[in-house]
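One-based numbering along the sequence shown. These numbers were taken from a predicted model, which means no experiment stands behind them.
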Amino acid sequence: MTAALALAGCGGSDDASPAGPELKVTGAYMPAPSMADMAAGFFTVTNSGAADTLTSVTSDLSDDVTLHATEGGAMEERKSFTVPAHGELDFASGGNHVMFEKLARKPAEGEKVAVELHFAKSGTVKVSMPVKPATYTPKTGH
C-alpha cells in the first residue's frame, strides 16, 4: 500500500500537489514520565504532498492533550502546527512537543500508548507511541 501512495504523488510537477497531503509519522516515543500526572510525546511528520495542519492530538491516556512549541527556552501552547508541503514537522525534545496532562494512569517503560493525530485535510492518523526510558535520546536527535 505504501508503494501505491508514493506513486500517486509522482504524477504532477507543480508545488500545489493536487493529490493533497501524503503524511507519514515516524520516530514516535514518550519518555517514561517522572510525574504521575504529566508526560510528553515526540514524533516526526513527513509530508510528500500538499501542506496540511495538525489541529489536535487525542489519547486514552489523557483527556487533556495539548500541542506546545518551545522557542528561546519558553514553552508556549499552540492550537495547531503547519505540516509544510514536501517537508517535515518535527516534535523533538527541547522543541515542539505534545503534552499529556492529568494522566488516567502513569505509563510504564516498554508500554505503547495509543495516540491519534488529527489533521485538517488528512483526517486522523493513529500512532503507537512506545514508552522509552526517561533519558532516551533517539539516534535521529529527537
Asks: Between Leu54 and Leu89, is there a side-chain heavy-atom distance shorter than 4.5 Å?
Replies: yes
Asks: Verify whether one side chain among His68 and Thr70 offers a donor that lies under 3.5 Å from an acceptor in the other.
Replies: no
Asks: Among pairs that include at least one residue of residues 98-130, which meet ring pair (Phe, Tyr, Trp, His ring centres under 6.0 Å), considering only residues two or more places apart or in two chains?
Replies: none
Asks: If every non-hydrogen atom of Pro33 is compared with every non-hydrogen atom of Met38, which pair is closest and at what distance?
Replies: CB-O, 3.3 Å
Asks: Has the side chain of His86 got a donor or acceptor atom that lies under 3.5 Å from a matching backbone atom of Pro84?
Replies: no
Asks: Do you know the tightest heavy-atom contact between Leu23 and Asp52?
Replies: CD1-OD2, 3.8 Å
Asks: Grouping I, L, V, M, F, W and Y whenever their side-chain heavy atoms are under 4.5 Å apart, do Met75 and Met30 come out in a common cluster?
Replies: no
Asks: Show your reasoning for whether side chain to side chain contact (heavy atoms under 4.5 Å, CB included) applies to Thr58 and Val65.
Replies: CA-CA 6 Å; Thr58 55; Val65 184; 5.8 Å; no
Asks: Would a hydrophobic clustering, with Ile, Leu, Val, Met, Phe, Trp and Tyr connected at side-chain separations under 4.5 Å, put Val57 with Val125?
Replies: yes
Asks: More than 12 heavy atoms of other residues, nucleotides or ligands under 6.0 Å from CG of Asp37: yes or no?
Replies: yes
Asks: How close do Ala28 and Met129 get, heavy atom to heavy atom, and via which atoms?
Replies: C-CG, 4.2 Å
Asks: Got a second to check how far Leu117's CG is from Phe81's CZ, nearest 0.5 Å?
Replies: 12.5 Å
Asks: Answer yes when Lys24 and Glu22 have at least one side-chain N-carboxylate O distance shorter than 4.0 Å, and no when they do not.
Replies: no
Asks: Suppose the criterion is salt bridge (charged side-chain N to carboxylate O under 4.0 Å, His left out): which pairs have a residue in residues 96-109, not counting sequence neighbours?
Replies: Asp64-Lys102, Arg105-Glu111
Asks: Under 4.5 Å between side-chain heavy atoms, hopping through other hydrophobics if needed: is there a path connecting Val127 to Phe91?
Replies: yes
Asks: If Ile, Leu, Val, Met, Phe, Trp and Tyr residues are connected whenever their side-chain heavy atoms lie under 4.5 Å apart, and connections chain through other members, are Leu67 and Met99 in the same group?
Replies: no
Asks: Can you list the steps and then say if Tyr29 with Tyr136 is a ring-ring contact (aromatic ring centres under 6.0 Å, His included)?
Replies: CA-CA 9 Å; Tyr29 77 98; Tyr136 176 73; 4.9 Å; yes
Asks: Can you hop from Val113 to Val25 via hydrophobic side chains spaced under 4.5 Å?
Replies: yes
